[in-house]
Amino acid sequence: MAVRIIGGGLAGSEAAWQCAARGVPVTLYEMRPVRPTAVHKTDRLAELVCSNSFRGDKLDNAVGLLKEEMRRLGSLVMRAADASRVPAGAALAVDRERFAEVITNTLANHRLVTIVREEVRAIPESSAREPVIVATGPLTSDALSADLARIVGGEHLYFYDAISPIVLAETIDRSKVFRQSRWGRSLRAADACGVDDGQGDYLNCPMTREEYAAFYDALVHAESATVHDFDKERFFEGCLPIEVMAHRGVDTLRFGPMKPVGLIDPLTGREPYAAVQLRQDNLAGDHYSLVGFQTQIKWGDQARVLRLIPGLEAAEFVRFGMVHRNTYVNGPTVLAETWQVRAQPTLFFAGQMSGVEGYVESAASGLLAGINAASLAHGDAPMAMPRTTAMGALAFYVSHANPAHYEPSNITFGIMEPLSRPPRSKQARKIALSERALADLDRWIATHPESATTAAR
Ligand SMILES: Cc1cc2nc3c(=O)[nH]c(=O)nc-3n(C[C@H](O)[C@H](O)[C@H](O)COP(=O)(O)OP(=O)(O)OC[C@H]3O[C@@H](n4cnc5c(N)ncnc54)[C@H](O)[C@@H]3O)c2cc1C
């Protein structure tokens, strides 16, 4: 009985801890420092590659709820984060050195954990008594990525994330936009960027010739974010950032994501000169993404340029557009709610490469993958968590979202099962969702002894 885990980042470290805490010996393979990545700077486990923030820490915030659930499940990442906390208002920010040190030392000193510093170039054989967890993150090495493509199918493995901005629905000026689907099928079939295939139900922001000219001018003069070297100019043709398209010609966008064809503005009775489409982004309908609007313009400039779009003058952005290296699988096609690979249930994926987004979400997926791999090694069945919990909702999203438009997601209240009788106030609704989640989690822990951390099994 043993578990092998590839990748000693946030997900892999948490998974290793969960297995060891259940009495299952673990071998954790981490390629640093033998083989560095483009962004990690140390040889520590669970190195935070960018910000030192784990985001909100209150229960009126979905990521705050996710963290509380992880604490209740004995998370090492949360223990290390709480022990290295620095002042950051309502957010949980950490001293990154201390955080990684706590995790590295805890795992290195655990009698059931063996840390091997080498690059794993092919996914090892797995079995029920010896499951394997792959948690190699957004910068999975090239050799392993090639092997992953063999297992999941190349068409279900992505290497770059081209993320469109998302706006808060209540900040869209509904008097300027109209709800309509493009007639018939679009000139381009639906693709990974979610260009309209005519099936959806869109909010359309119409533009006059003058409005388009002003938007175009602002776009080509906007400041582009500096990206890491490996990202430079290696975009998929089908997922080009809007500013790259704009630089190709003044009308390129009007034949791409801003094409007006098939749309009739009810205010004018005519096809607009250009149009931006907004697609509902979450179940709750309070987030809308700008279709095909992936961009790497700096965030300040991005807000300024996008607010030139009619209807978005006062838009609040839930997420800005980005383009960055990100290896991840198409979760809904590949994974089950337990983080097992559907086609090979003794193999688990966790962390960013499983199709989640963010430090906390990566660690959370590692937590459940670790519990389930340990269960399997003990001869028990892996478990899904209630969809009413943040952890369960995240696993459900990754394994059940629409595979045609799949994008990694942060945890939000919008992907959690709605309340049957939601309070009217938004704040009260969030608190009610959190209270229900924690009550359901406690019940789930009480009825699933396998979820408890005990080496004495
Ligand atoms: C540039 C960048 C910035 C980001 N900034 C943020 C941010 O500020 N906030 C946020 O919440 N999220 C951020 N993310 C997203 C994500 O949350 C982090 O990448 C997070 O570290 C993911 O956790 P993970 O465990 O999946 O991967 P990682 O933490 O990257 O861990 C994966 C580990 O696997 C190792 N590895 C890779 N291939 C192999 C192999 N073949 N054999 C052995 N080991 C291997 C790597 O060295 C690494 O240590 C960022 C991502 C990127 C790429």
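If you read the sequence from its start, that first residue is 1, and numbering goes on from there. All ligand and atom numbering here is 1-based and tracks the order in the structure.
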Can you tell me if Glu417 and Thr388 form a side-chain donor-acceptor pair at under 3.5 Å? no
If hydrogens are left out, which of Arg32, Gln352, His40 has an atom nearest to atom 30 (O) of ligand 1, that is, the closest non-hydrogen atom? His40
Below 4.0 Å, non-hydrogen atoms only: which portion of Leu10 touches ligand 1? Side chain, backbone, both or neither. both
Would you call Glu337 and Arg387 a salt bridge, using N to O less than 4.0 angstrom? no
I need the single residue from Asn372, Leu368, Ile371 that forms a side chain to side chain contact (heavy atoms under 4.5 Å, CB included) with Thr338. Which is it? Asn372
Do any N/O atoms on Glu47 end up under 3.5 angstrom from N/O atoms on ligand 1? no
Report yes if the distance between the aromatic ring centroids of Phe348 and Trp339 is under 6.0 Å, otherwise no. no
Would one find an N or O of Val39, backbone or side chain, under 3.5 Å from an N or O of ligand 1? no
How about Tyr406 and Tyr397: are their ring centres within less than 6.0 Å of each other? yes
So, 4.0 Å and heavy atoms of Glu118: is ligand 1 close enough to count as a contact? yes
Just heavy atoms, cut-off under 4.0 Å: does Thr37 contact ligand 1 by side chain, backbone, both, or neither? side chain
Phe99 ring center within less than 6.0 Å of Phe54 ring center: yes
Short version for Ala135: what comes under 4.0 Å of ligand 1, heavy atoms counted, is backbone
